[in-house]
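All of these numbers come straight from a predicted model, not from anything done at the bench. Throughout, protein chains are lettered first and strands after them, A, B, ... in sequence-line order, and every chain is numbered starting at 1. Quick note: numbers below take in every heavy atom, side chains included, and nothing from hydrogens, waters or symmetry partners.
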There are 2 protein chains.
Amino acid sequence: MEKNSGNNNKLVPQVSSKRATSYDVARLAGVSQSAVSRCFKTGASVSVKTREKVRKAADELGYQPNAIARGLITRRSNIVAVVITEFTTLNYPEMTSRLNEHLAKHDIHILLFTVGPQSDMTVVLDQIWQYQVDGIIASAPFSEAEIQRCAKRGIPLVFYNRICNDSAVSTVGCDHAEGVKILIDRLVRDGAKRFVVLSGPDDSAVARERLRGATEQIELHRLSMSVLGGDYTYESGVRLTQQVIDGSSLPDAFVCANDVMAIACIDTLRGADLAVPEDVKVVGFDGITVGQWHAYQLTTIEQPLDRMIEATVSMLLERIEDITLPAEKRLFAGKYIDGASA
Amino acid sequence: MEKNSGNNNKLVPQVSSKRATSYDVARLAGVSQSAVSRCFKTGASVSVKTREKVRKAADELGYQPNAIARGLITRRSNIVAVVITEFTTLNYPEMTSRLNEHLAKHDIHILLFTVGPQSDMTVVLDQIWQYQVDGIIASAPFSEAEIQRCAKRGIPLVFYNRICNDSAVSTVGCDHAEGVKILIDRLVRDGAKRFVVLSGPDDSAVARERLRGATEQIELHRLSMSVLGGDYTYESGVRLTQQVIDGSSLPDAFVCANDVMAIACIDTLRGADLAVPEDVKVVGFDGITVGQWHAYQLTTIEQPLDRMIEATVSMLLERIEDITLPAEKRLFAGKYIDGASA
DNA sequence: CACTCGAATGAATTCGAAGTCATTTGGTTG
DNA sequence: CAACCAAATGACTTCGAATTCATTCGAGTG
């Protein structure tokens with residue numbers, strides 16, 4: 001039993017009790033290992049007497065089935081990979097935590113992966129394969145080839161708030177274009193004629209969708225607009241707004257790529273002694289908490305995060321159960337928040 | 001680019017190829033399974049020729065070692081549990097994402113666990129045991145018994161921003177009391193005499209520490225203060241500030257439990273036509289991004305998140321390598337942010 | 001060319017739980 | 001009481017990679 005006597009005279013951790021295995025429990029309960037295993041599986045054929053003996057022995061030893069060993073034989077890890085970008089401004093961390101709350105109800109846990117500019121998606125996928133995850137939830141850019149790799153492995157994949165129109169893959173998202181159109185309509189109804197769009201980064205499909213919504217709806221009303229490209233950050237909102245203020249003429253309304261830029265816009269306008277919404281109107285997109293604070297009371301479109309997260313989880317779980325289910329795209333309408341900035 | 005033309009309409013998953021094992025690779029490369037295994041272990045004794053053959057075969061089959069099987073035999077899962085509360089206002093989700101970036105460098109991944117008011121910590125710990133994690137990072141309340149359970153299992157545990165003075169457990173945190181004292185000193189130097197402390201929830205040790213700092217330092221200066229109990233939220237900040245405004249007299253300064261409450265305080269004061277800092281000064285704690293936006297420019301103490309996260313990771317890794325290392329408490333000083341609110 | 005010695009290799013074993021299958025148990029029926 | 005059938009049980013095998021250990025290879029030496 002003293003197997004660590006010879007191997008390493010320095011650094012013997014001496015973790016007194018190596019964790020108990022199903023064999024240990026079986027021995028203590030006077031049953032077979034198979035019986036122990038069955039006791040931890042719902043619906044298995046075990047007598048009340050045996051179940052009770054095993055439960056007692058397991059409690060005594062502090063036994064918990066080893067999920068690693070179980071996963072090896074069942075080919076189910078009960079682990080889902082969540083892939084997000086390192087870009088924390090986008091609230092992905094919070095989404096992750098919320099996803100976890102839903103998945104936990106199904107005894108599924110989240111293994112977290114972040115992709116940054118330097119870390120290659122290919123490398124991340126390799127790591128994901130290693131852990132034999134049951135499914136993937138992604139809020140990060142996948143190439144068509146990478147999507148195909150998942151399909152080939154038979155690992156269900158659901159995108160959260162990513163637009164992949166040209167690919168047969170499951171997605172959950174918010175109707176960005178439609179949301180912006182609602183905002184534009186309200187602005188027009190309130191008399192706005194000249195628009196400045198503070199857009200998001202070109203490489204963001206969401207930003208392009210929002211821009212498309214704005215462009216189409218403003219053209220529909222045969223009004224004029226100009227577009228300035230930002231990157232979702234407060235700083236870019238400040239910079240672009242200042243550019244406009246320094247320019248020849250002010251627009252009637254700023255249509256911003258997200259709430260953070262809208263808030264930056266409001267701050268900058270106020271800094272130039274311009275009143276919002278009297279002198280200029282400002283609208284955002286997302287419905288973040290900060291936007292509703294007294295200082296801003298942003299007019300915006302709120303994404304139905306709860307619904308979206310729930311949909312993501314249920315779509316993934318369905319596809320874990322039945323990998324042959326066809327891809328599905330679910331698009332939720334945003335909710336117009338009638339703030340005081342427009 | 002239209003590569004999905006053929007299979008798109010019926011969408012056949014084509015799971016044909018169950019994932020390749022080391023035996024498959026071995027057969028294709030004409031070597032033994034042992035050789036394959038060695039090729040994926042750095043420092044193992046393999047000839048260049050063999051390594052090359054195996055690498056080629058592995059690439060061809062898209063082989064990645066099964067981390068589950070590996071974990072079973074090595075007793076190292078390369079997984080660390082991160083336990084946070086569901087309370088997303090506290091930025092734990094963001095911390096999680098940052099921790100992940102650091103741990104990923106060491107090929108360690110995060111399995112996420114959230115504890116809510118209803119979900120028992122005991123249940124969560126049971127789940128953690130099942131996954132044979134190598135260590136635990138916790139930002140959630142553990143009882144002494146729960147801490148002992150981890151110790152007994154030989155699983156290293158590091159607390160992030162939790163105060164556990166009465167327990168021999170490793171922690172990383174910010175010196176809250178000291179930070180508040182710096183703020184008080186500045187306020188006093190600028191002439192403040194009467195203070196209102198908008199405190200955090202009683203059951204938060206961090207809140208109590210910050211309150212202690214305020215109390216001690218105000219007493220040191222032989223000045224007066226009153227304390228109102230909130231819960232870190234914007235709403236509670238608004239409510240308490242309004243109470244004060246509605247009361248008989250205004251203080252010279254509000255000392256808030258965190259930045260969010262400080263911002264609520266500023267918003268509410270402004271709503272009552274009071275100027276900050278001219279009529280009343282306001283200070284917060286944390287150094288959140290929003291606090292630095294133009295509308296607020298909060299005077300506060302910034303927690304050195306990067307340092308703290310780095311410390312958490314390195315302390316945990318050290319203890320995973322050598323479980324016998326004694327517990328250690330690391331306390332970082334916050335950085336005074338000289339804003340425009342005090 | 002025989003002889004070392006270390007590097008490289010593969011067969012066999014191991015980790016822990018779950019599934020398979022043959023066997024036993026216990027309760028019911030004629 | 002024999003016969004029967006379903007429920008309960010345990011011996012054995014399986015999952016996939018790492019490790020142990022005995023063996024083989026190959027370069028270098030006298």
Touch class at under 4.0 angstrom, heavy-atom based, for A:R38 against every strand present: base
Side-chain N or O of A:T50 versus OP1/OP2 of D:dA8: is the shortest distance under 4.0 Å? no
Using a heavy-atom cut-off of 4.0 Å across all strands, would you classify B:S45 as base, sugar-phosphate, or nothing? base
Tell me the interatomic distance from A:Q132, atom CD, to D:dA17, atom C1', rounded to whole angstroms. 11 Å
Mind calculating the distance between NZ (B:K41) and C1' (D:dG16) to the nearest angstrom? 17 Å
Nearest to side-chain heavy atoms of B:S32, which nucleotide of D:dG10, D:dA17, C:dA11: C:dA11
Salt bridge or not for A:D126 and A:R149, using N-O below 4.0 Å? yes
So if I take every side-chain heavy atom of B:V31 and compare against C:dG10, D:dA17, D:dA8, which nucleotide ends up nearest? C:dG10
Using a cut-off of less than 4.0 Å, is there contact between a side-chain N or O of B:R76 and OP1 or OP2 of D:dA18? no
For the helix from C:dC1-D:dG30 to C:dG30-D:dC1, figure out the bend between the end axes, five pairs an end, and round to 10 degrees. 40°
Nearest to the B:L72 side chain among D:dA8, C:dG16, C:dG10, which nucleotide is it? C:dG16
Measuring from the side chain of B:I73 (C-beta onward, heavy atoms only), which nucleotide among C:dA17, D:dA17, C:dT14 has the closest atom? C:dT14
Any N or O donor-acceptor pair linking the side chain of B:Q33 to the base of C:dA11 at under 3.5 Å? no
Output yes when at least one side-chain N/O atom of A:K49 is less than 4.0 Å from OP1 or OP2 of D:dA8, else no. no
A:F40 vs A:Y63 aromatic rings, parallel, tilted or perpendicular, using cut-offs 30° and 60°? perpendicular
Could you please name the option among C:dA18, C:dA11, D:dT19 that lies closest to any side-chain atom of A:R70? C:dA18
For D:dT9, does either OP1 or OP2 sit under 4.0 Å from a side-chain N or O belonging to A:S47? yes
Without decimals, in angstroms, what is the distance between B:Y131 OH and C:dG16 C1'? 15 Å
In whole Å, what is the span from the CD atom of B:Q64 to the P atom of D:dA18? 12 Å
Side-chain N or O of B:Y63 less than 4.0 angstrom from OP1 or OP2 on D:dA17? yes
Figure out the CZ/P separation between B:F40 and D:dA17, and round it to whole Å. 9 Å
Nearest to the side chain of B:T74, heavy atoms from C-beta on, is which of D:dT19, C:dA18, D:dC15? D:dT19
Whole Å only: how far is the CG atom of B:N66 from the C1' atom of C:dC15? 13 Å
Please assess A:V169 against A:L157 for the test side-chain contact (heavy atoms from CB on, under 4.5 Å), listing each intermediate value before the final yes or no. CA-CA 7 Å; A:V169 66; A:L157 169 64; 4.1 Å; yes
Full working for side chain to side chain donor-acceptor pair (under 3.5 Å) between B:Q132 and B:S77: CA-CA 6 Å; B:Q132 321 292 117; B:S77 58; over 6 Å; no
Checking side-chain contact (heavy atoms from CB on, under 4.5 Å) between A:V158 and each of A:V80, A:L317, A:L316, which is the one that passes? A:L316
Contact class for A:V46 vs. all strands (heavy atom < 4.0 Å): base, sugar-phosphate, or nothing? sugar-phosphate
Between B:D59 and B:K56, does at least one N-O distance fall below 4.0 Å, as a salt bridge requires? no
Counting heavy atoms from C-beta on, name the nucleotide in C:dA8, D:dG10, D:dA7 closest to the side chain of A:S34. D:dG10
Determine the contact category for B:S37: base if any of its heavy atoms lies under 4.0 Å from a base atom, sugar-phosphate if only primed atoms, P, OP1 or OP2 are that close, otherwise nothing. base
Rounded distance in Å - CD1 (A:I68) to C1' (C:dA17): 12 Å
Only pairs at least two apart or in different chains count here, so list each side-chain hydrogen bond (donor to acceptor under 3.5 Å, both in side chains) that has a residue in residues 307-319 of chain A. A:S170-A:R319, A:R319-A:E328
Salt bridge (Lys or Arg N to Asp or Glu O under 4.0 Å) with B:D120: which residues, sequence neighbours excluded? none
Using 30° and 60° as the class boundaries, would you call the ring planes of A:H109 and B:F113 parallel, tilted or perpendicular? tilted
Please pick, from C:dG10, C:dA17, D:dG10, the nucleotide with the shortest atom-to-atom distance to any side-chain atom of A:P65. C:dA17
Whole-Å distance separating the CZ atom of A:R19 from the P atom of C:dC15: 14 Å
